**Q** 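Below you will find the structure I want to go over with you.
No experiment lies behind these values; they were computed from the predicted model shown. Per chain, numbering begins at 1; letters A, B, ... match sequence-line order.
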Amino acid sequence: MSSHHNGAGLKIKINDRLKDILNMRDRALRALGDAFRGLTSAKGAHEIQLPASHQLMQPKERIHGDLASNLALVSASCLGRPPREIAASIAEVLRADPLFERVEVAGPGFINLFISPRCWRENLLEIYRQGASFGTCQAGEGTKVLLEFVSANPTGPLHVGHGRGAAVGDSLGRILKAAGFEVEKEYYINDVGNQMNTLGASVYLRYQELFGRKVDFPKEYYQGDYITDIAKDIVSAKADAFLDKPMGSCLDFFVKTAVDDISAGIKKDLDDFGVSFDNWFSERIIHDSGLIEKTIRELSEMGHIYEEDGALWFRATAFGDEKDRVVRRSNGVLTYFAADMAYHRHKLERDYGLLVDIWGADHHGYVPRVKAAIKALGYAEDKLKVLLVQFVSLMEDGKTKSMSTRSGEFVTLREVLDEVGRDAARFMFLTRKSDSHLDFDLTLAKKEGQENPVYYVQYAHARLCSILKNAEELDINPAKSYDGVNTDLLATQEDLDLLKHLDAFQQVVRESAVALEPHRISYYLTELAGLFHNYYAKNRFIGEDRGLTFARLLLADTTRQVLENALGLLGVSAPKQM
RNA sequence: GCCCUCGUAGCUCAGGGGAUAGAGCACAGGAUUCCUAAUCCUGGUGCCGCAGGUUCGAUUCCUGCCGAGGGCACCA
């Protein structure tokens with residue numbers, strides 16, 4: 001089974017990042033690489049890269065150092081020497097590097113690296129100076145990414161599931177941008193097809209009802225109350241103008257009114273949720289421009305389309321899908337898939353380096369056929385990454401709220417927003433990997449206490465602001481610069497833990513971008529806030545010792561900045577006070 | 001039936017070829033003369049679904065099975 005479903009994130013060269021200010025891990029990696037090359041060339045081998053299976057990881061145990069490398073273990077066979085011996089040679093070279101306080105060979109041949117505390121401390125001022133840009137990098141090398149998400153049909157208000165997709169997409173956009181990608185966010189409006197007529201007809205029938213007419217409202221029509229609300233608006237605006245008109249003669253009006261109304265509501269919801277788009281792309285354009293026919297024709301010329309039982313079929317099986325797909329039905333109507341092929345082709349021709357689609361998990365069966373289309377059109381299937389977002393179950397007071405779109409009983413994004421607020425909603429949506437189920441606990445999201453992770457993080461930021469404000473009033477650092485600060489005074493375990501975690505941010509952003517996983521930022525934030533709260537409980541920032549106060553204020557200032565940067569990637573606010 | 005995703009602490013979930021598998025919640029106890037107690041500290045539980053395989057090493061990768069969810073339209 002080849003990987004036409006997405007799986008892991010992007011493939012990116014991560015060897016050449018000299019444009020970026022290196023974080024500690026990168027510096028260690030480079031030292032390791034140099035040592036390894038020195039070792040191999042001494043043996044007569046030339047230009048050996050670090051093995052692909054090499055890992056520079058963060059050990060779980062502190063006694064195993066800040067970083068541990070398995071380099072000696074994975075290169076033992078190709079060098080023909082025992083792992084521990086290789087490790088010892090590498091360790092000896094590394095010991096000369098002031099970056100390391102200690103280098104140890106352990107277990108079967110791990111190289112445990114202990115970064116010199118002095119380096120961590122010097123690093124702090126560097127992070128501070130990067131300010132709002134700390135965490136950004138050039139890993140994306142300006143690759144243009146088109147991020148398509150939400151794309152809900154304009155047939156009803158957004159529900160919580162869309163909300164999750166919106167949060168993931170918007171946050172991912174921010175993260176990719178920070179990692180050096182050029183991002184465009186797009187909403188694809190499915191404003192063509194049968195559903196539009198059904199929508200208009202639903203409103204028409206409700207309109208009739210408002211005048212006391214008995215109507216037979218089919219159960220496959222849109223049931224929600226919002227349909228009646230639209231009908232009421234029409235009554236206010238046009239009174240009984242359509243009352244005695246047959247539906248066929250005024251359906252277009254009802255469709256247009258409904259779509260306009262619902263679309264405006266969707267935009268408003270997204271706006272209030274802090275989610276914006278660069279493009280609102282109407283499916284109508286795909287139809288009206290003749291792009292679908294053109295795409296079918298070209299595929300046909302390449303022999304990927306055939307006719308059977310009066311319908312036109314795309315030979316998807318030739319490109320890894322399990323069955324061929326109809327693009328034009330025997331009644332002459334184009335399928336949704338045909339439009340989607342054309343739409344993706346349109347995207348591909350707009351010349352992006354990467355397309356990312358964020359879909360509800362119920363569409364996962366759709367991935368192979370769209371990828372098949374992309375391949376048939378002559379593009380690499382890697383060009384498209386599809387992120388599947390699992391459903392959200394809402395919990396309140398320990399009970400699950402039932403939802404069913406069919407019956408019109410769904411909880412809307414609006415309701416959640418009104419109830420828990422933008423920040424809590426966004427954070428909750430981003431605390432899980434997008435393809436795993438999410439239990440959204442409304443009761444928890446509304447709590448203003450430590451059990452609510454949103455407040456936990458925001459509170460850390462507010463606390464820091466308060467400290468810095470106090471310092472300002474005491475006139476301790478009027479220039480807002482830390483020239484001459486003596487960071488050697490940051491010598492406790494809490495200091496080092498915080499310093500290390502601050503440094504890790506850039507790496508987290510990069511990995512989060514490459515893996516297309518915004519939730520990593522949430523975890524990072526929770527951890528950083530935890531380290532700070534712990535620090536706060538054990539140390540005073542402002543004290544009698546002016547030098548120490550100065551150093552700790554630098555730490556506070558930097559921590560606050562990183563919290564703000566990270567929260568910004570989630571689209572969650574960083575309040576100055578709470 | 002076929003395909004996809006998932007199975008980790010009481011609950012919700014991270015992690016992931018590497019050394020003793022984590023967090024939050026829940027539960028219990030404690031901490032405030034002092035920068036925001038929306039905080040902190042202390043308590044412990046895991047056949048990492050089951051069975052094989054790959055290798056120096058598997059909870060992680062592969063295969064099969066069991067269980068949960070989703071998908072398999074000339075629907076959108």
Side-chain angles (χ1 to χ4, degrees), chain A residues 1 4-5 7 53 55 57 59-61 63-64 68 70 73-74 76-77 82-83 106-110 112 153 155 190 192-196 198 220 283 308-313 321-323 325-337 339-340 360-368 388 390-391 393 395 398 431-433 435-441 444 447-460 462-471 473-474 517 519-520 522-523 526-527 529-530 532-543 549 552-553 556 577-578:
Chain A
M1 214 56 229
H4 49 54
H5 37 276
S53 53
Q55 287 186 314
M57 56 216 144
K60 290 162 200 149
E61 300 296 321
I63 55 159
H64 293 132
N70 66 350
L73 285 100
V74 297
S77 59
F110 289 109
N112 293 340
N153 300 349
T155 54
N190 295 128
V192 177
N194 234 336
Q195 50 171 353
M196 289 298 109
T198 306
E220 66 272 20
E283 181 181 351
E308 193 175 291
D309 301 330
L312 283 184
W313 297 72
D321 196 8
E322 37 179 45
K323 52 176 80 166
R325 307 293 175 178
V326 172
V327 293
R328 198 182 69 203
R329 293 189 266 159
S330 52
N331 64 9
V333 176
L334 294 165
T335 60
Y336 179 87
F337 174 60
D340 228 19
D362 54 333
H363 286 76
H364 81 254
Y366 218 79
V367 178
L388 298 173
Q390 272 292 353
F391 297 120
S393 329
M395 313 261 295
T431 50
R432 301 275 177 265
K433 218 166 28 179
D435 61 3
S436 66
H437 293 267
L438 173 66
D439 275 2
F440 191 125
D441 190 333
L444 178 65
K447 277 190 189 164
E448 298 192 347
Q450 64 178 46
E451 61 272 53
N452 185 341
V454 190
Y455 287 96
Y456 186 78
V457 175
Q458 288 185 318
Y459 181 53
R463 252 185 167 177
L464 281 159
C465 287
S466 175
I467 292 165
L468 294 165
K469 189 162 157 267
N470 290 336
E473 280 162 11
L474 292 171
E517 291 181 348
H519 75 278
R520 296 185 187 217
S522 312
Y523 279 85
T526 306
E527 216 173 315
F532 164 70
H533 284 310
N534 179 274
Y535 189 99
Y536 181 91
K538 289 182 181 161
N539 306 283
R540 284 193 59 82
F541 282 85
I542 299 170
T549 299
R552 286 191 174 162
L553 283 178
Q577 59 181 38
M578 293 174 74

**Q** List for me each residue that meets ring-ring contact (aromatic ring centres under 6.0 Å, His included) alongside A/Y336, sequence neighbours excluded, and say none if there are none.
**A** none

**Q** When you compare the protein's N or O atoms with those of nucleotides 27-32 of chain B, which come within less than 3.5 Å of each other, and at what distance?
**A**
none

**Q** With sequence neighbours left out, what residues match A/E283 under side chain to side chain donor-acceptor pair (under 3.5 Å)?
**A**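 Result, side chain to side chain donor-acceptor pair (under 3.5 Å) vs A/E283: A/N190, A/H287.
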
**Q** Restricting to side chain to side chain donor-acceptor pair (under 3.5 Å), what partner residues turn up for A/R520, sequence neighbours left out?
**A**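 Checked A/R520 against side chain to side chain donor-acceptor pair (under 3.5 Å); matches are A/E517.
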
**Q** With sequence neighbours excluded, what pairs up with A/Y536 under the side chain to side chain donor-acceptor pair (under 3.5 Å) test?
**A** none

**Q** Given Watson-Crick or G-U pairs with both distances under 3.5 Å, what dot-bracket string fits RNA chain B, with | for other-strand pairs and [ ] for crossing?
**A** (((((((..((((....[...)))).(((((.......))))).....(((((..]....))))))))))))....

**Q** Looking at residues at least two apart in the chain, or sitting in another chain, which of them share a side chain to side chain donor-acceptor pair (under 3.5 Å) with A/H533?
**A** A/R463

**Q** Polar pairs (N or O, both sides) under 3.5 Å between protein and nucleotides 18-21 of chain B?
**A**
{"residue": "B/rA19", "atom": "OP2", "partner": "A/K60", "partner atom": "NZ", "Å": "2.6"}
{"residue": "B/rA19", "atom": "N6", "partner": "A/N112", "partner atom": "OD1", "Å": "2.9"}
{"residue": "B/rA19", "atom": "N1", "partner": "A/N112", "partner atom": "ND2", "Å": "3.4"}

**Q** Among residues at least two apart in sequence or on other chains, which ones pass side chain to side chain contact (heavy atoms under 4.5 Å, CB included) with A/N331?
**A**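 Partners of A/N331 under the side chain to side chain contact (heavy atoms under 4.5 Å, CB included) test: A/R329, A/V333.
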
**Q** Who are the ring-ring contact (aromatic ring centres under 6.0 Å, His included) partners of A/F110, not counting sequence neighbours?
**A**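 Checked A/F110 against ring-ring contact (aromatic ring centres under 6.0 Å, His included); zero matches.
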
**Q** With sequence neighbours left out, write down each residue that passes side chain to side chain contact (heavy atoms under 4.5 Å, CB included) with A/E473, or none if nothing qualifies.
**A**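 A/E473: side chain to side chain contact (heavy atoms under 4.5 Å, CB included) contacts with A/K469, A/N470.
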
**Q** Report, as a single string ordered 5' to 3', how protein heavy atoms within less than 4.0 Å touch nucleotides 70-76 of chain B: B base, S sugar-phosphate only, - not at all.
**A** BSSSBSB

